[in-house]
There are 2 protein chains.
Amino acid sequence: MRPEPLGYDSAMGTGPARQPSRQASRLPPITPAQIIDRAVELTRDHGVDGWTIRQLAAALQAWPRVIGYHVGDRDAVVHGVVEHVVAQIPVPSADTPWPEWFRRILHDARPILRRHRGTARQIVVLGPVVTSFAPALDAGIGSLLRAGFGDHALDIYRYLANIAFMLVAAEDERDDFPHARATNNQFLASYRDDDAHPGLAAAARIAGERPLNRESIERQERDFFDQSIERSIAGAEVLLREILDRR
Amino acid sequence: MRPEPLGYDSAMGTGPARQPSRQASRLPPITPAQIIDRAVELTRDHGVDGWTIRQLAAALQAWPRVIGYHVGDRDAVVHGVVEHVVAQIPVPSADTPWPEWFRRILHDARPILRRHRGTARQIVVLGPVVTSFAPALDAGIGSLLRAGFGDHALDIYRYLANIAFMLVAAEDERDDFPHARATNNQFLASYRDDDAHPGLAAAARIAGERPLNRESIERQERDFFDQSIERSIAGAEVLLREILDRR
DNA sequence: ACCTGAACACCGTTCAAGT
DNA sequence: ACCTGAACACCGTTCAAGT
């Protein structure tokens, strides 16, 4: 939750560290694109909530005010970062059958979003304001319409996309509480032989069999994501069959 | 995203406003329970991210340090708030058939969590560390085991609970961007007659038919929540049938 | 044991000049 | 048009005393 401190020399509190100022070193004017690019880099290294406007300014060798001048407030910068990240997600062609279309795009989106912690949450909050999502929305809705979802297409798109992005957002946030997983496992383990709580005892047994090293946790998270998507597609398929049967 | 300013007279920056201090007025020592109760009230009025330690202290007529002394840092206070809120969710008995068990608890949890904005997100992040969740976990897993989910019981519980709480969390966060919905609708509407983007055009048409007044938006959100749960239960049912067929 | 102040090291944003 | 400083109004947490 709390952003880790960065390495920048921002000892002065205000001001772009001790580096010479842009004007003094006759640097060219900063562009909005440069600001967003730097913000994307900082997001890659520290997550969306892991850098401050002041640190971004320092990284650009500029004063905080410059960012406000060219891009806007912090929310505007974050929005720019999200647009940049979303644009990297490959969009399957609209004639892909809908289950495969969603499997593919959501599977590909996960690592891209995970590499930029906190962007998944922003996508859920902002919604289609993220204009670089337009191609995905167009193709995805198109794919659902051809399958016969009719007026349910929009809600099913939202259902599947929301679940995927929210799951990634949850993974992102749990990264910031590395101790929480251990505490949770300990808590569950304490019920292992508790006959009065058979559900908790079973949960403890199931969770207890899973290895806890870094890479196997990563695999478990990926599996849970993939299976959740698979189940949700199955749920949507049930609805589709109902719609088609009704005709 | 940004907390709205509260009405407290915290003009002094530090210190519990102008009220007489606890010691001077011979008030009894503050208890952790009192601190959490007040924090729950503030959460009800302004959301988990809508109050500061300093404002909580002012509401208690105490200095910020007192909260750290009795409860801990801000995360500890928030954890206390979450425990208090989760304890209010009624847990259906363990012999309820699993689809009905989840329908009931998730349906009942939504308004309680919505009344305390930001707590749903905390639940997803914290996981079972929230000890007041133990009864629900015990009964829910029990219900899934009796249905025949076997070792999948834990993951299915996580799947259904995660989706519900994440959906509520997303609703909470969108409350803080009331303009985002309007912007999104405008954005979609601009594609209404765009033949080059049939998917977006269809989405615009579907969204355009929905009324935009406050109460009908609330109903749409509730419906989307209920239908998402229903679809996810259907997805879990598909898995259950596979498991049972395999035997 | 519990509370009081003040201080510390931060935030994002704004203001008024400068070049 | 763009950048520079300083200032403003906040944060959460810590420190050193007080009662």
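Letters A, B, ... mirror the listed sequences (proteins, then strands); counts begin at 1. Model, not experiment: these values are computed from the prediction.
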OP1 or OP2 of D:dC11 under 4.0 Å from side-chain N/O of B:Gln55: yes
Between P of C:dC11 and CG of A:Leu56, the distance in whole Å: 12 Å
Member of A:Asp176, A:Asp49, A:Asp172 meeting the salt bridge (Lys or Arg N to Asp or Glu O under 4.0 Å) criterion with A:Arg117: A:Asp176
Gap separating the NE2 atom of B:His84 from the OG1 atom of B:Thr43, nearest 0.5 angstrom: 10.0 Å
Integer-rounded Å distance: C:dC8 C1' and B:Arg65 CZ: 14 Å
Per A:Arg74 side chain, nearest of listed nucleotides D:dC2, D:dT4, C:dT13: C:dT13
d(CD1, A:Ile53; C1', D:dC3) in whole Å: 16 Å
Nearest-nucleotide pick for B:Asp73, side chain only, options being D:dC3, D:dT13, C:dT4: D:dT13
Any strand: nucleotide that pairs with C:dG18 via Watson-Crick or wobble, under 3.5 Å: D:dC2
Spacing of B:Trp51 atom CH2 relative to D:dC11 atom C1', expressed in whole Å: 13 Å
Nucleotide of D:dC3, D:dT13, C:dG12 approaching A:His70 most closely (side-chain heavy atoms): D:dC3
Which nucleotide in D:dT13, D:dC3, C:dC2 has an atom nearest any side-chain atom of B:Pro29: C:dC2
Euclidean distance, atom CG of residue A:Asp75 to atom C1' of C:dC11 [Å, nearest integer]: 14 Å
Distance (rounded to the nearest 0.5 Å) between A:Gln122 CD and A:His79 NE2: 9.5 Å
Nearest-0.5 Å distance, CG of residue B:Leu137 to OG of residue B:Ser132: 11.5 Å
Residue A:Arg54, side-chain atoms from C-beta onward, closest of C:dT13, D:dT13, D:dC2: C:dT13
Interatomic distance, A:Ile30 CD1 vs D:dA1 C1' [rounded to whole Å]: 14 Å
N or O in side chain of B:Trp63 less than 4.0 angstrom from C:dT4 OP1/OP2: yes
A:Tyr69 OH to D:dG5 P, straight-line distance once rounded to whole Å: 18 Å
Separation of D:dC11 C1' from B:Ile67 CD1 (nearest whole Å): 14 Å
Identified pairing partner of D:dA7, criterion: Watson-Crick or G-U wobble below 3.5 Å: C:dT13
Nearest listed nucleotide, side chain of A:Thr52, among C:dG12, D:dT13, D:dG12: C:dG12
Between CZ on residue A:Arg115 and CZ on residue A:Arg44, distance to nearest 0.5 Å: 8.5 Å
